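Report on the structure given below.
Just so we're clear, the structure is a prediction, and the values are computed from it rather than from any experiment. By convention in this document, chain letters (A, B, ...) are assigned in the order of the sequence lines, proteins followed by strands, and residues within each chain are numbered from 1.
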Amino acid sequence: MIKAVRGTRDLLPPETALWNFVETQAREVFRAYNFQEIRTPIFEATELFARGVGEETDIVSKEMYTFRTGDDPRWVLATKWLVTRPKYKKIEQLRRPGFGQVFAGLREDDVWEIVIVEIGAGGPKLAALKKMQAERQSLASAAGERPSRYVLVVPSSEAQRVSGLINQDGIEVQGLEMPEGYDPPESLTLRPENTAGVVRAYIEHKLWDRGLNKLYYIGPQFRRERPQKGRYRQFYQIGAEVIGPSSSGSEHPIRDAELLEMLDTLLRRLGIADFTLYINSVGDAQDRAAYNDALRKALQPVVGQMCADCQRRAVTNPLRVFDCKVPEDQPVIATLPVISSYLGEASREHFQNVQALLKEAGVAFEVNPRLVRGLDYYTRTAFEFTHGALGAQNAILGGGRYDGLAELLGSPQPAPGIGFAIGEDRLVMALQARASEATAGLDVYVAPVGEGMNRKALRLAGDLRREGLTVELGDRSFRLKKMFEAATKAGAKYILIVGENEIKADSFSLKNLATGEQVSVPRAELAQRIREQHSR
RNA sequence: GUGGGAAUAGCUCAACUGGCAGAGCACCGGACUGUGGCUCCGACGGUUGCGGGUUCGAUUCCCGUUUCCCACCCCA
């Protein structure tokens with residue numbers, strides 16, 4: 001049996017009704033705050049995420065669904081061919097277009113290794129080139145005495161760019177003229193989050209010229225993580241971004257406060273009361289750099305007493321030490337400097353203002369000096385909403401300010417912004433108890449009885465549906481009893497009998513399935529009658 | 001990616017030290033051919049996740065594998 005792939009799942013009724021409920025509420029709240037919907041592609045150039053989210057983040061370094069297009073096996077697919085003299089001919093036999101000219105310039109004797117790489121539109125992967133260099137070095141030292149040349153062959157259109165990147169250590173870059181019809185590969189990635197895509201669209205379509213600076217999105221995202229409760233490989237996010245030139249007010253603390261107040265409103269409206277808003281300021285890029293230095297220094301003398309995870313974090317990402325849950329480490333953590341002491345004047349004032357405005361708006365919050373965000377682009381305000389009873393994945397929503405992101409992605413002018421993303425899967429999980437409320441019921445079951453009644457019933461059902469009712473239609477071949485059972489099972493409020501007597505009288509037997517009350521209702525009054533009763 | 005637990009009918013779960021794979025609910029049919037729910041009767045439903053091993057015999061024991069769950073890493 002073919003099953004849904006790992007980490008993905010089908011959403012089935014009645015749960016889908018709950019998803020629609022959540023999305024409908026979100027749209028309504030967003031509209032009240034003048035946000036408009038944007039839909040960006042589900043995949044983007046890999047480079048967008050590498051630059052926007054950060055090359056060193058876990059997301060980009062190991063959790064993305066990345067694939068290449070444009071590869072044609074007739075061209076050069078190989079990333080590497082190891083060439084020694086006996087194998088030289090073997091490669092020629094591969095008859096890849098254009099190989100002849102590469103080898104023409106080389107004498108067999110002095111070729112040690114030829115590496116052929118294809119360079120996609122996204123540019124060469126630095127990591128891949130570095131890895132090849134390291135391999136080459138170990139091969140060369142293993143083979144010691146042999147004279148060698150190391151040749152990197154790339155499509156000629158990329159030759160100059162690549163040699164600029166790798167022109168060192170005796171590596172030769174040769175351009176290979178690609179044949180007619182060569183389609184350079186692109187590296188594409190299923191979006192792991194939506195902020196980068198929104199900012200890309202903002203820049204691409206010059207949305208500032210259209211006064212569009214409040215945007216929201218709802219849709220699937222993809223991360224190749226190990227599945228866990230509330231954590232899927234295709235997951236859904238509801239998010240919004242306020243972005244624009246500073247003159248539009250996008251940098252002002254009131255935007256931060258407004259956004260947080262909107263989220264508070266949305267969660268309450270969804271019936272979630274048991275949540276906590278944590279906020280912090282992670283400062284601007286300079287503040288963060290200074291703080292990171294200080295943190296590393298402070299950790300140096302004490303890290304030896306901490307758990308293995310913390311020792312690793314101290315090197316790779318010192319901020320993460322604050323996430324440590326080992327009880328023995330907590331006293332040490334308590335002595336570490338907090339970022340608030342390293343905030344510049346501007347960041348400090350901004351954060352103070354956000355807090356003052358939140359109080360003004362009556363939004364409850366807690367400052368959590370240890371709250372840090374994982375993505376590179378966050379600056380200043382960072383926040384998250386947590387909810388109990390969700391296990392280890394207790395954050396249902398997170399976000400923050402990203403003042404430098406637009407420039408990083410090539411915006412001609414600064415466009416500070418702030419946004420959030422709600423984990424819809426987790427939000428729905430938190431709402432599961434209320435699932436029944438969101439399920440829409442069936443208004444009426446139309447039951448044809450007797451010869452030729454199917455046609456009449458079909459028309460009548462169509463009329464009622466056009467009047468806005470939810471209608472299910474039976475079939476004359478069922479016995480009436482069957483249809484009653486079906487109507488009851490489907491949760492219909494009424495059953496409507498369409499038989500010869502009814503057609504003659506143009507008045508139909510309408511039975512309330514809850515009360516058992518049955519009356520004859522003229523055709524013209526049917527929809528009205530059903531709706532009335534139904535709204536009681 | 002790491003560690004632990006689990007997988008048996010559509011669902012929830014049984015099956016003792018290894019001995020015919022079962023129940024409740026759901027679904028379908030009937031009792032009842034223009035009146036449901038309740039009741040009763042009947043039928044359907046399975047490669048026990050998959051693959052291998054041990055054994056006369058494996059749902060049960062062993063190995064591998066896949067998926068899910070819990071946690072770690074990390075984090076919208």
Side-chain angles (χ1 to χ4, degrees), chain A residues 1-9 12 49 53-54 56-63 191-196 217 219-233 235-239 307-310 312-313 316-317 319-320 323-326 371-375 377-378 382-386 390-400 419-427 445 447-451 453 474 476-502 508-518:
Chain A
M1 184 176 36
I2 299 175
K3 299 188 208 166
V5 301
R6 179 175 194 178
T8 68
R9 57 180 178 154
L12 306 173
F49 304 117
V53 177
E56 300 305 320
T57 60
D58 272 45
I59 294 177
V60 171
S61 60
K62 61 186 196 200
E63 291 172 359
R191 61 187 189 195
E193 54 94 56
N194 218 330
T195 298
Y217 59 83
Q221 320 288 339
F222 304 84
R223 274 193 213 171
R224 208 182 154 138
E225 299 175 294
R226 183 116 176 196
Q228 207 180 312
K229 190 178 187 65
R231 167 181 276 189
Y232 302 94
R233 290 183 163 188
F235 58 102
Y236 295 81
Q237 288 190 331
I238 300 175
C307 68
D309 278 339
C310 283
R312 181 179 43 73
R313 290 179 183 124
T316 59
N317 193 351
L319 287 177
R320 285 280 142 211
D323 287 339
C324 182
K325 286 158 191 135
V326 178
L371 176 66
V372 289
R373 304 264 80 196
L375 307 190
Y377 56 63
Y378 284 113
F383 57 88
E384 76 184 24
F385 285 73
T386 63
L390 285 179
Q393 317 301 325
N394 63 349
I396 52 175
L397 177 176
F420 65 85
I422 300 171
E424 194 175 358
D425 302 78
R426 292 186 198 169
L427 188 62
Y445 187 101
V449 179
E451 200 62 41
M453 289 302 124
R476 194 190 79 73
S477 65
F478 299 165
R479 291 186 319 182
L480 184 59
K481 176 185 164 56
K482 274 287 128 214
M483 291 193 279
F484 265 81
E485 284 173 1
T488 304
K489 219 167 283 169
K493 299 184 184 75
Y494 292 94
I495 186 164
L496 181 69
I497 294 160
V498 180
E500 300 215 11
N501 301 340
E502 281 81 2
F508 296 82
S509 303
L510 182 68
K511 182 167 184 177
N512 183 320
L513 285 167
T515 65
E517 176 195 12
Q518 179 166 333

Considering only atom [atom1], compute the distance from [N] to [M] and round it to an integer number of Å.
N     : M     : atom1 : value
B:C16 : B:A7  : P     : 14 Å
B:U60 : B:G1  : C1'   : 33 Å
B:G22 : B:A71 : P     : 37 Å
B:U47 : B:G10 : P     : 9 Å
B:G3  : B:U54 : P     : 28 Å
B:G51 : B:U66 : P     : 15 Å
B:C72 : B:C11 : C1'   : 32 Å
B:A14 : B:A23 : P     : 16 Å

Can you tell me how far [atom2] of [N] sits from [atom1] of [X], to the nearest Å?
X        : N     : atom1 : atom2 : answer
A:Tyr445 : B:G34 : OH    : P     : 15 Å
A:Arg231 : B:C73 : CZ    : P     : 10 Å
A:Arg233 : B:C69 : CZ    : P     : 12 Å
A:Ile495 : B:G34 : CD1   : C1'   : 11 Å
A:Glu225 : B:C72 : CD    : C1'   : 13 Å
A:Glu485 : B:C28 : CD    : P     : 8 Å
A:Leu510 : B:G34 : CG    : C1'   : 15 Å
A:Met483 : B:G36 : CE    : P     : 12 Å

Taking atom types as they are modelled, is there a donor-acceptor pair under 3.5 Å from the base of [N] to the side chain of [X]?
X        : N     : answer
A:Arg6   : B:U66 : no
A:Arg226 : B:C68 : no
A:Glu63  : B:G1  : no

From [atom1] ([X]) to [atom2] ([Y]), nearest 0.5 Å:
X        : Y        : atom1 : atom2 : result
A:Ile238 : A:Ile422 : CD1   : CD1   : 5.0 Å
A:Leu427 : A:Gln237 : CG    : CD    : 12.0 Å
A:Tyr494 : A:Leu510 : OH    : CG    : 6.0 Å

### Task
With the side chain counted from C-beta on, respond yes when A:Ile497 and A:Phe484 share a heavy-atom pair under 4.5 Å apart, and no when they do not.
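They are in contact (side-chain heavy atoms under 4.5 Å apart), so the answer is yes.
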
### Message
Contact between A:Tyr232 and A:Thr8 at the side-chain level, heavy atoms closer than 4.5 Å - yes or no?
### Response
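Side-chain contact under 4.5 Å: no.
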
### Contact state string [nucleotides 38-51 of chain B, B base, S sugar-phosphate only, - no protein heavy atom under 4.0 Å]
--------------

### Message
Looking at A:Glu517 and A:Lys511, is there a salt bridge between them, counting it only when a charged N and a carboxylate O are closer than 4.0 Å?
### Response
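Salt bridge: no.
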
### Query
Any ion pair linking A:Glu193 and A:Arg223 (charged N to carboxylate O, less than 4.0 Å)?
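Looking at A:Arg223 and A:Glu193, the cut-off is not met.
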
Look at the side chain of [X] and decide which nucleotide, out of [options], has an atom nearest to it.
X        : options             : result
A:Gln228 : B:C74, B:A31, B:A71 : B:A71
A:Arg223 : B:G36, B:G34, B:C75 : B:C75
A:Lys511 : B:C32, B:U35, B:A71 : B:U35
A:Val449 : B:G34, B:G36, B:C68 : B:G34

### Partners passing ring pair (Phe, Tyr, Trp, His ring centres under 6.0 Å) against A:Phe420 (at least two apart in sequence or in another chain)
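Listed in chain order: nothing, the list is empty.
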
Contact class for [X] vs. all strands (heavy atom < 4.0 Å): base, sugar-phosphate, or nothing?
X        : answer
A:Glu193 : nothing
A:Asn501 : base
A:Ser509 : base
A:Gly400 : nothing
A:Glu424 : nothing
A:Gly239 : nothing
A:Gln518 : base

### Message
Keeping A:Arg191 on the side-chain end and A:Phe49 on the backbone end, is there a donor-acceptor pair under 3.5 Å?
### Response
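Answer holds: no.
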
### Query
Which residues satisfy the salt bridge (Lys or Arg N to Asp or Glu O under 4.0 Å) test with A:Lys482, sequence neighbours excluded?
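A:Lys482 satisfies salt bridge (Lys or Arg N to Asp or Glu O under 4.0 Å) with A:Glu485 once adjacent residues are dropped.
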
### Message
Holding to side-chain contact (heavy atoms from CB on, under 4.5 Å), I want the full list of residues that pass it with A:Arg233, two or more places apart in sequence or in another chain.
### Response
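Residues passing side-chain contact (heavy atoms from CB on, under 4.5 Å) with A:Arg233: A:Arg6, A:Tyr65, A:Arg224, A:Pro227.
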
### Task
Determine: side-chain N/O of A:Lys482 to OP1/OP2 of B:G29, distance under 4.0 Å, yes or no.
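Result: yes.
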
### Message
Please compare A:Ile497 and A:Pro227 by the position of their nearest nucleotide in RNA chain B and report the one closer to 5'.
### Response
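First, find each residue's nearest nucleotide; the 5'-ward one identifies A:Ile497.
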
### All stems with RNA chain B, defined as three or more consecutive Watson-Crick or G-U pairs under 3.5 Å
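Stem list for RNA chain B: B:1-7 with B:66-72, B:10-13 with B:22-25, B:28-31 with B:39-42, B:49-53 with B:61-65.
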
### Query
With sequence neighbours left out, what residues match A:Tyr236 under side-chain hydrogen bond (donor to acceptor under 3.5 Å, both in side chains)?
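Partners of A:Tyr236 under the side-chain hydrogen bond (donor to acceptor under 3.5 Å, both in side chains) test: A:Gln234.
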
